[in-house]
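Within every chain, numbering begins at 1; the chains are lettered A, B, ... in the order of the sequence lines, protein sequences first and strands thereafter.
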Amino acid sequence: MYETTYHRPSSVDEAAKLFAQGSEAKYLAGGHTLIPVMKQRLASPSDVIDLGKLKELIGIEASGDTLTIKAATTYYDIMQSADVKKAIPAIAHLTSMLGDPAVRHRGTIGGSIANNDPAADFPAALVSLGATVKTNKRTIAADDFFKGLFTTALEDGEIITAVSFPVPAKAGYAKMRHPASRFALTGVFVTKTKAGDVRVAATGASQNGVMRVPAIEAALKANWSAGALDSVKISDSGLLADIHGSAAYRANLIKVMAQRAVTAAG
Amino acid sequence: MGVEGIGASVVRKEDRRFITGKGRYVDDIKLVGLTHAHFVRSPHAHARVKGVDTSAAMKMPGVVGVLTGQQIVDDKVGNLICGWAITSKDGTGMKMGAWPAMAPETVRFVGQAVAVVIAETKNQAKDAAEAVVVTYEELPAAADIRAAIKPGAPQLHPEAPGNVIYDWTIGEEAATDAAFKAAANVVSLDITNNRLVPNAMEPRAAIGEYNEAEEHFTLYTTSQNPHVARLVLSAFYNIAPEHKLRVIAPDVGGGFGSKIFIYPEEMVALWASKKVGRPVKWTGDRSEAFLTDAHGRDHLTKAELALDANNKITGLRVKTYANLGAYMSLFSSSVPTYLYATLLSGQYNIPNIFAEVISVYTNTTPVDAYRGAGRPEASFVVERLLETAARQLKVDPAELRRKNFITQFPHQTPVIMAYDIGDFGASLDAAMKAIDYAGFPTRKAKAKSEGKLRGIGLSCYIEACGIAPSKAVGSLGAGVGLWESAEIRVNPVGTIEVLTGSHSHGQGHETTFCQLIAERLGVPISQVQIVHGDTDKVQFGMGTYGSRSLAVGGTAIIKAMEKVEAKAKKIAAHALEASENDIVIENGEFKVTGTDKSIALPMVALAAYTAHNLPDGMEPGLKETAFYDPTNFTFPAGAYICELEVDPGTGKTSFVNFVAADDFGRLINPMIVEGQVHGGLAQGIGQALLEGAAYDSSGQLLTASFMDYAMPRADDLPSFQLNHTTTLCPGNPLGVKGCGEAGAIGASAAVINAITDAIGNNKLEMPATPDRVWHAIHG
Ligand SMILES: Cc1cc2nc3c(=O)[nH]c(=O)nc-3n(C[C@H](O)[C@H](O)[C@H](O)COP(=O)(O)OP(=O)(O)OC[C@H]3O[C@@H](n4cnc5c(N)ncnc54)[C@H](O)[C@@H]3O)c2cc1C
């Protein structure tokens with residue numbers, strides 16, 4: 001690891017100020033992405049600004065039709081939250097499948113979406129549920145937030161403070177785990193909104209990161225059932241291909257995982 | 001004898017320090033004036049080194065020295081050796097290219113060391129390593145066997161035209177061809193045995209320390225065989241003579257074969273400690289382990305089986321290409337030859353066998369012994385062939401095996417090995433009973449009604465352990481003898497130290513070996529201490545590999561014990577005024593049979609050292625040494641059966657049951673044996689389902705971290721059902737065979753046989769990832 005200066009600010013405002021002062025500052029949350037990259041000397045931030053202990057960034061609130069998870073809340077706390085289990089149990093399930101216990105106890109929803117790994121789980125939940133990302137400057141719709149591999153709409157120094165999910169009528173998540181990393185080889189999140197709209201997002205499959213799956217959305221809108229997808233064909237063009245899965249295999253997984261997610265959603 | 005003797009599942013003595021974090025590994029050792037090394041490694045699979053500019057690095061903070069490949073050549077440090085000479089079928093020797101510890105001219109795999117930076121801290125060494133400017137001229141690379149043997153392939157070493165190291169054969173070619181001509185049925189199979197990365201939990205590490213006044217070196221290193229390390233470093237690498245070199249392998253966190261070999265890093269640490277005049281420590285990180293620990297397996301094989309009209313096997317013909325990587329590691333040449341093709345008879349009576357093995361260089365990490373070393377590859381070939389034959393001939397796979405089992409012992413195979421004893425039918429029976437083989441069709445039908453594809457797969461493995469009779473291996477090209485030594489010191493107060501050349505790095509020797517003493521003397525194991533891993537303490541040793549420690553090292557202990565007991569009985573008889581023939585040993589006491597006269601071990605020991613009243617002419621002391629050279633290999637064997645389900649939607653495999661019935665001869669500590677089998681099975685299943693080192697066509701390792709290389713985790717594995725059937729090994733006094741590798745040798749064929757049974761498609765390569773299985777189902 002290269003030398004760096006570690007800061008522990010006491011507020012979001014102070015964190016943003018410290019960021020602006022650093023020549024090449026980085027925020028730190030759970031550290032499960034940033035620290036390994038630094039240890040491998042692939043990142044050399046001048047300053048590391050720890051958001052992970054900021055009280056204003058930790059916590060879960062459920063109010064009426066909205067579930068809000070603050071950015072530095074760990075996966076473990078999300079998984080255990082009674083509010084999450086009640087409002088959107090598919091999110092509790094998603095976190096229970098995410099990484100391993102060590103990852104779940106440190107990793108945060110804010111870190112996950114800021115990083116926007118093409119195989120991360122949370123981007124699928126945000127896009128499918130039509131969530132809103134709140135930052136210290138503005139709110140951004142999930143559809144506008146994820147901009148391809150490891151790229152988001154965040155501006156330099158902008159801090160995610162929370163994610164708000166509209167509580168859906170039904171939602172489900174199914175994931176085929178990557179055999180080595182346990183990220184999503186392909187994961188599919190399906191949502192039926194209270195207004196009757198259907199939104200489906202797949203992660204781990206596309207070369208451009210999280211993606212909507214219009215063919216599946218159309219089929220499920222007509223008939224919300226796993227069987228409705230039997231005849232749907234998913235094209236493998238633009239899908240990832242590597243030693244762990246061909247594009248054709250991932251195309252198949254989009255459909256199979258969507259079916260299982262619908263079954264889980266009920 | 002005693003509650004802690006042979007057959008007792010005594011809790012492992014060494015676990016207290018391991019579990020409480022009190023183990024002492026190489027990286028835990030801090031020496032006065034210690035410096036830290038970091039290697040500059042090649043990012044290219046094949047390139048000419050045009051220049052190494054160390055001037056900027058030398059000026060970096062904390063830098064003590066920067067050393068290059070040219071300096072190691074200038075200092076006449078020897079090239080790395082390969083310790084087993086293999087002769088090609090045309091009578092020529094191996095075509096071995098030079099492997100300097102750091103590359104002066106050419107790099108041949110990604111990760112090969114080019115220079116080393118030595119600094120006050122590891123971080124400073126890393127910083128300065130980035131300032132070393134190496135100019136490369138990239139060369140085309142051959143990243144796998146097929147690329148290396150293609151006409152016009154890039155040449156790795158001028159010594160090896162066509163990248164072929166040797167083309168070796170075993171068995172009778174003409175007789176085997178004739179058997180195939182006369183065969184009623186021929187079964188053939190193309191097999192890829194996937195390349196594996198060992199991944200011991202502790203990465204390799206070394207500290208070199210030079211004492212100028214004494215002209216004496218000490219090397220602390222993660223070794224499975226410190227004496228062999230000293231021998232090779234002294235005899236071939238020209239760093240220090242044997243009497244001026246102490247090698248210490250303290251606690252070592254697993255090896256699986258990968259820590260048998262002498263690597264460039266420990267040579268450099270030792271050499272550099274003299275150059276910079278300070279102790280030099282190198283601790284590899286996981287990335288370096290992936291790139292530089294010798295990998296395992298990596299064969300391409302075409303195998304054919306000939307059967308007569310009664311389904312009796314009449315011949316086996318095998319052609320294997322083995323990938324040895326960019327350089328020949330210490331025992332690499334023997335693994336795909338004498339450790340592989342000699343076991344191609346499996347558990348079966350096969351009158352004619354012919355095998356040809358062609359080993360090739362590729363621009364990849366060197367390949368050498370990894371848990372099982374050649375035997376998993378052989379067992380996989382035989383057991384996949386048997387299963388394929390059963391399917392082709394439409395006979396029950398268990399029955400086909402049974403029909404061809406060897407039942408008379410000793411049995412001389414056509415490929416050198418003479419099996420001493422076994423009962424293959426008993427193991428198969430035990431495994432079939434444990435898994436309820438007869439009930440499988442019903443279970444399969446039920447699974448089908450639930451949308452799951454269920455399969456069952458057998459694997460009846462045999463392997464050779466207790467390596468090995470020195471004269472025999474010497475005649476086959478081995479550069480060393482493979483005996484083992486032990487020294488037993490009974491201290492004046494009656495406690496016992498056992499000095500053994502068998503290094504323990506996960507095997508539980510510190511418990512099992514104590515149990516051997518407890519058995520003979522009836523003393524508690526707390527009274528016994530096992531000493532190993534230090535060439536200044538232990539007389540000599542050939543180390544731990546090939547499941548040899550109990551059969552060879554343990555027997556050496558028994559031989560030394562016999563001498564100790566004989567002398568102790570004389571002392572006891574003298575003290576008790578009885579005949580030594582009437583002395584028996586029980587519960588730590590020497591008794592005169594049929595009387596109540598006895599003397600406790602501590603009193604006998606004290607008498608030996610006070611020497612006030614010893615029999616006339618007897619030397620004082622109670623300490624004996626034995627060197628034991630085995631008379632044959634030992635042959636652990638067994639039957640594994642795996643039942644599993646495949647999800648046709650995803651290709652994912654889930655275990656229903658995995659049963660093992662092993663014959664390891666006598667079990668000293670059944671709990672430790674179970675642990676060894678569990679670990680072996682995990683690695684065998686890992687090879688079958690998860691693990692596979694992959695390179696891209698330019699020779700970059702794609703699976704260079706745990707994010708891409710799938711190590712088996714607990715939840716990938718079933719709960720194993722272990723059984724034992726026993727035939728005592730006649731070749732050693734303990735009747736033991738060895739258990740350390742069996743799981744890794746037998747498991748993978750059982751898994752692949754089960755999956756291919758489930759999906760009804762026999763074409764499936766390891767690792768059988770969900771992606772591959774799904775493609776095998778759906779085309
Ligand atoms: C072994 C392993 C397995 C994993 N498995 C999975 C898996 O199955 N599924 C999955 O989705 N992920 C998985 N991950 C990734 C894990 O979820 C990471 O923790 C996550 O990607 C990053 O979250 P973090 O809190 O650790 O962020 P950090 O590593 O601390 O930060 C990541 C990035 O986000 C930025 N950042 C963090 N918080 C904020 C914020 N509030 N505002 C703006 N920027 C911010 C940081 O500056 C940094 O660039 C795995 C990781 C590991 C090591």
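Residues of residues 769-779 of chain B that come closer than 4.5 Å to chain A, counting heavy atoms only, are B:Pro770, B:Asp771, B:Trp774, B:His775, ordered by residue number.
A side-chain donor-acceptor contact under 3.5 Å links A:Tyr2 and B:Glu130. Donor-acceptor pairing under 3.5 Å is recorded for the side chains of B:Thr362 and B:Asn323.
No part of B:Met711 comes within reach of chain A, as not one of its non-hydrogen atoms sits under 4.5 angstrom from that chain. For chain A, no part of B:Glu691 is nearby; none of its heavy atoms comes within less than 4.5 Å. Residue contact with chain B, scored on non-hydrogen atoms closer than 4.5 Å, is absent for A:Arg250. At a 4.5 Å heavy-atom cutoff, the contact between B:Thr703 and chain A is made by side-chain atoms alone. Only the side chain of A:Met257 comes within less than 4.5 Å of a heavy atom of chain B; its backbone N, CA, C and O stay farther away. Looking at B:Asp127, both its backbone and its side chain come within 4.5 Å of chain A, counting heavy atoms on both sides. For B:Asp696, no part sits under 4.5 Å from any heavy atom of chain A, backbone or side chain.
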Tabulate below the donor-acceptor pairs under 3.5 Å that side-chain atoms of residues 23-38 of chain A make, not counting sequence neighbours, or state none.
residue, atom, partner, partner atom, Å
A:Ser23, OG, A:Ser46, OG, 3.3
A:Tyr27, OH, A:Gly157, O, 2.7

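Side-chain atoms of B:Lys122 come within 3.5 Å of backbone atoms of B:Ala37 as a donor-acceptor pair (strictly under, hydrogens ignored). At distances below 3.5 Å, not a single donor-acceptor pair connects side-chain atoms of B:Asn194 with backbone N or O atoms of B:Arg297. Side-chain N or O atoms of A:Arg104 include one that pairs as donor or acceptor with a backbone N or O of A:Leu98 at under 3.5 Å. Side chain of B:Arg41 to main chain of B:Gly111: a donor-acceptor pair is present (N/O by atom type, distance under 3.5 Å, no hydrogens or angles). Using modelled atom types, one side-chain atom of A:Ser96 and one backbone atom of A:His93 make a donor-acceptor pair closer than 3.5 Å.
Looking only at heavy-atom pairs under 4.5 Å with chain B, the residue among A:Gln40, A:Arg41, A:Arg260 that has the most is A:Arg41. For the options A:Leu253, A:Val256, A:Asn252, heavy-atom pairs under 4.5 Å to chain B are most numerous at A:Asn252.
Note that CD of A:Gln80 and OG1 of A:Thr74 are 9.0 Å apart. Values are rounded to the nearest 0.5 Å.
The six-membered or imidazole ring of A:Phe183 lies away from that of A:His178, with a centre-to-centre distance of 6.0 Å or more.
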